[in-house]
Visitor: 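Structure provided below as C-alpha cells; questions to follow.
Chain identifiers are assigned alphabetically (A, B, ...) following the order of the sequence lines, protein sequences preceding nucleic acid strands; residue numbering begins at 1 within each chain.
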Amino acid sequence: MTTSLGSVVSLAARAGSSVVRQVRSVVDPSHARPAGAERPASGWLVVTLVGEPSEIDTDRLHAPLAEFGDQLEVRVRAAPGGKGTELGARLRDRPSGSTLTRLSGSDPRADLRSALRRAKQLIEVGEVLVVDPGPHGERAPTPGGTLLEMWTRVAPQAGVR
Amino acid sequence: MKAVTWRGVNEIGVEDVPEPTILNDHDVIVEVGLSATCGSDLHLMGGYIPAMRGGDVLGHEFMGRVGEVGPGVTKHQVGDRVVVVSFVGCGKCWYCREGLWSLCDNGNPNPGLTDALWGQGIGGCYGKFPLGAVMNKALTLRGAQQHGHRYIPEILDRMSRDEVKTEHLATHVMALDDGPEGYRMFKEKEDGCVRAVFRPGG
Ligand SMILES: [Zn+2]
Ligand SMILES: [Zn+2]
C-alpha cells in the first residue's frame, strides 16, 4: 500500500464537520427535518447491499436489526445505477442527535448504526469481521495509541449521519 | 513467534509475540517465508501515522505457506504457497465483485471516522505480520490504493514465463533478527537498497 500522507493530513485538518454538513445538506436537504411533529423519528441510516431488493425479507431481519423489534422501521429499495439494494432503517421516537454525539458514537442512533453495519456484513459475507486480539509486542504507551484505543471502542457506533 | 516491531519513532525492534489465531471463519494463518519492506512502512516508522502503538508488528507485503485455515475457507488448504495482498477484501461486496478490492465495503473494523472524513468507511489493511486479522486500523486512504489482488495472477504467470524479473528489487535479503538494520538501510537507501526482504526462517 502507498498512502498519500499529505492528503491524509490535510484532509484530517479540514475534516471539520461543517464540510461534511455542507456536502450532506446538498445531497439530502431533508436530514435536518425528520418526519413527525412532536416526537420525531430519527433520520434514515442506509447501507447499500449487493443483490436484488427481493432478496431482503423485512419480516425476517438479521439478528442485529431484529433486536430492535417494533422500534425499527425498515425501507428496502433498488440502489441507483444498478448498484444493488439500499437497506434503510430508522428508529421511531428517537431524534438524530448532534454532529458531535454522532461522531463520537454516543447519539441515540449509535446502536442502530452499528447494527446496520453488522447486518450488511452478515448478509453479504455471512460473518462479522473480528480483528482483535492480534499478536503484538510489548506495549509502550504513546499519545496516539491511547487515542486509538479510545476510538476503537466507539468506532463501530460512530458515524456522520 | 518472532516479529519485527515498531518501538517508537525510527526505533525498530525484534520481539517475541503471541502466535496468531483464527478469528474469522474465512481467516487463514500464513507461515511467512519472505516479507518485504514497503514505502508505506516509512510513514509508520517515522511516526507520521499518529495511531501507531509501541509493539505494533511491521510488515504487510509477504508470501509464505498456509499453516491453518478457518472453517469457511474453500479456496486454500494447508500447505498452499501464497502471496498476500495487504488489503482485506471480503470477496462478496459490490466493490470486490468488480475487482476493486481495495475499496471493500466490509474490511474496515473502525468505519466511523473515515465515514466522517471521506463519506464512507474505507477498506482495511493487514497492517501486521504475519497474517493475523489485525489491520492498519482504517488509516488507509480510499482511492489512492492499488487493487493488487487483481494483478497478482497475471504477474505470477509472467514471472513463471520469465517475462517479468524481480530479483533486482530484493537487494538485501536478511534474517528477521536483522530487521532493525534492514529497515534502517531501506530508509536511508544505503548500499543501493531498493527493498530489504526478511526471511523469518533464518
Ligand atoms: Zn505496502
Ligand atoms: Zn468486499
Side-chain angles (χ1 to χ4, degrees), chain A residues 1-5 7-9 11-12 14-15 17 20 23-24 47-50 79 83-84 99 102-105 113-114 117 120-121 123-149 151-152 154-161, chain B residues 1 3 5 7-8 13 15-20 23-26 38-40 43 48 50-57 60 72 86-88 90-94 97 105-107 109-113 115-119 121 124-125 128 132-141 144-146:
Chain A
M1 68 172 188
T2 302
T3 57
S4 166
L5 197 75
S7 50
V8 172
V9 173
L11 261 175
R14 286 190 287 121
S17 54
V20 174
V23 171
R24 200 178 54 211
V47 287
T48 307
L49 305 169
V50 139
K83 298 259 166 51
T99 303
R102 291 200 295 273
L103 285 174
S104 61
R113 199 175 288 116
S114 159
R117 287 170 175 153
K120 173 178 161 68
Q121 290 190 37
I123 292 166
E124 291 188 336
V125 190
E127 65 177 324
V128 176
L129 183 67
V130 177
V131 297
D132 287 319
H136 61 77
E138 197 188 327
R139 284 297 187 208
T142 56
T146 308
L147 267 176
L148 180 71
E149 279 168 45
W151 173 251
T152 305
V154 303
Q157 284 84 32
V160 177
R161 293 212 49 133
Chain B
M1 65 182 180
T5 58
R7 300 298 326 153
E15 291 180 79
D16 249 325
V17 304
E19 297 293 322
L23 299 175
N24 302 273
D25 284 357
H26 296 93
C38 167
S40 10
H43 301 156
Y48 298 106
M52 285 298 284
R53 301 165 69 196
D56 279 351
V57 180
H60 58 271
S86 51
F87 278 95
V88 180
C90 75
K92 303 289 169 94
C93 71
W94 188 86
R97 288 179 190 210
D105 260 351
N106 296 312
N110 300 317
L113 178 64
D115 262 17
L117 290 174
W118 295 292
C125 174
K128 315 290 166 128
V134 182
M135 301 172 200
N136 192 5
K137 300 295 180 186
L139 287 165
T140 52
L141 177 58
Q145 307 288 354
Q146 181 66 263

Visitor: Any idea which heavy atoms bring B:N106 and A:E124 closest together, and the distance?
Guide: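 Closest heavy-atom pair between B:N106 and A:E124: ND2-OE1, 2.8 Å.
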Visitor: What part of A:E138 is in contact with chain B, defined as an atom under 4.5 angstrom from a non-hydrogen atom: side chain, backbone, both or neither?
Guide: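 Both the backbone and the side chain of A:E138 come within 4.5 Å of chain B.
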Visitor: Could you tell me which non-hydrogen atom of B:C38 sits nearest to which non-hydrogen atom of B:H60, and how far apart they are?
Guide: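 For B:C38 versus B:H60, the nearest heavy atoms are SG-NE2, 3.5 Å.
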Visitor: Contact between B:K92 and A:V50 at the side-chain level, heavy atoms closer than 4.5 Å - yes or no?
Guide: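 Contact flag for B:K92/A:V50 side chains = no.
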Visitor: What option among B:R97, B:E19, B:H26 has the most heavy-atom pairs under 4.5 Å with chain A?
Guide: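 Max contact count across the listed options: B:H26.
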Visitor: Under 4.0 Å between a Lys/Arg side-chain N and an Asp/Glu carboxylate O for B:D56 and A:R139?
Guide: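 A:R139 and B:D56: salt-bridged.
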Visitor: Is it the backbone or the side chain of A:S114 that comes under 4.5 Å from a heavy atom of chain B, or both, or neither?
Guide: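 A:S114 has no heavy atom closer than 4.5 Å to chain B.
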Visitor: Tell me, side chain or backbone of A:V47 under 4.5 Å from chain B's heavy atoms, or both, or neither?
Guide: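 For A:V47, no heavy atom lies under 4.5 Å from chain B.
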